[in-house]
**Q** 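Take this structure first; my questions come after.
Note: hydrogens, waters and symmetry copies are ignored here, and every other heavy atom, side chains too, is used.
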Amino acid sequence: MMLDATDLRILQMLQEDANVTTKEIAAQLHITTTPVFERMKRLQKEGYIHKYVALLDRKKVGLTLVAYTNVSLKEHNSEFLTRFEEAVKSLPEVVECYHIAGLFDYLLKVVVKDMDAYQHFVAKKLAALENIGKVQSSFVMTEIKHTTSLHLEL
């Protein structure tokens, strides 16, 4: 299905505030609520909208350290890759994981309380995974930009 300008505007508005009501969207788009509601349901059904979430202030909930962790595996056959990926999915400290090309195999975004928690994560959880070769970490000093909104050409 092709998205039209109205679909894109609805998606953009929902990215900015998932609590925006159908009535508020309709008012901004100068249409009635019924077509907005129908479009939103269609966008969900077709997978453009995966889910609605609350974005927390990580510092207010005590998660002050963000680390980007590069991981290389010793073996690269599909069974080892799958087992690593399944294991990483179960680690709550990992909020993002990407299979990447380049010097490392995976890039993890890890969010924890502090450096002690990160050290425990690496030593007790990540290093305990089968087939780990090399781990290299970079730590966020200052967050310059953080958004979950995708840029949509309107």
**Q** Arg39: what forms a salt bridge (charged side-chain N to carboxylate O under 4.0 Å, His left out) with it, not counting sequence neighbours?
**A** Asp4, Asp7

**Q** Does Lys23 have any side-chain contact (heavy atoms from CB on, under 4.5 Å) partners at least two apart in sequence or in another chain, and if so, which?
**A** Thr21, Thr33

**Q** Treat each ILVMFWY residue as a node, draw an edge where side-chain heavy atoms are under 4.5 Å apart, and state whether Met13 and Leu11 are in one component.
**A**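 As far as the 4.5 Å side-chain criterion goes, Leu11 and Met13 are connected within one cluster.
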
**Q** Applying salt bridge (charged side-chain N to carboxylate O under 4.0 Å, His left out), can you list everything that pairs with Asp116, at least two apart in sequence or on another chain?
**A**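 For Asp116, no residue satisfies salt bridge (charged side-chain N to carboxylate O under 4.0 Å, His left out) once neighbours in sequence are set aside.
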
**Q** Taking the side chain as every heavy atom from C-beta outward, state whether Asn131 and Leu129 have any pair of such atoms under 4.5 Å apart.
**A** no

**Q** With side chains defined as the heavy atoms from C-beta onward, is the minimum distance between Arg42 and Glu38 less than 4.5 Å?
**A**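 They are not in contact (no side-chain heavy atoms under 4.5 Å apart), so the answer is no.
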
**Q** Would you mind listing the cluster partners of Met2? Hydrophobic ones only (ILVMFWY), side-chain contacts under 4.5 Å, chaining allowed.
**A** none

**Q** Looking at side-chain heavy atoms only, is the closest gap between Ile31 and Thr6 below 4.5 Å?
**A**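 Yes - at least one pair of side-chain heavy atoms lies under 4.5 Å apart.
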
**Q** If you define the side chain from C-beta out and look only at heavy atoms, does anything of Tyr52 sit under 4.5 Å from Leu14?
**A**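 They are in contact (side-chain heavy atoms under 4.5 Å apart), so the answer is yes.
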
**Q** Indicate yes or no for a side-chain donor-acceptor contact from Thr82 to the backbone of Glu79 under 3.5 Å, with no hydrogens or angles considered.
**A** no

**Q** Taking distance alone, no hydrogens or angles, what donor-acceptor pairs closer than 3.5 Å link side-chain atoms of residues 132-152 to residues at least two apart or in another chain?
**A**
{"from": "Ser137", "atom 1": "OG", "to": "Tyr118", "atom 2": "OH", "distance (Å)": "2.5"}
{"from": "Thr147", "atom 1": "OG1", "to": "Ser149", "atom 2": "N", "distance (Å)": "3.1"}
{"from": "His151", "atom 1": "NE2", "to": "Glu153", "atom 2": "OE2", "distance (Å)": "3.1"}

**Q** Taking only residues two or more places apart in sequence, or in another chain, which ones meet Tyr106 in a ring pair (Phe, Tyr, Trp, His ring centres under 6.0 Å)?
**A**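 Here the qualifying residues are Phe84, His99.
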
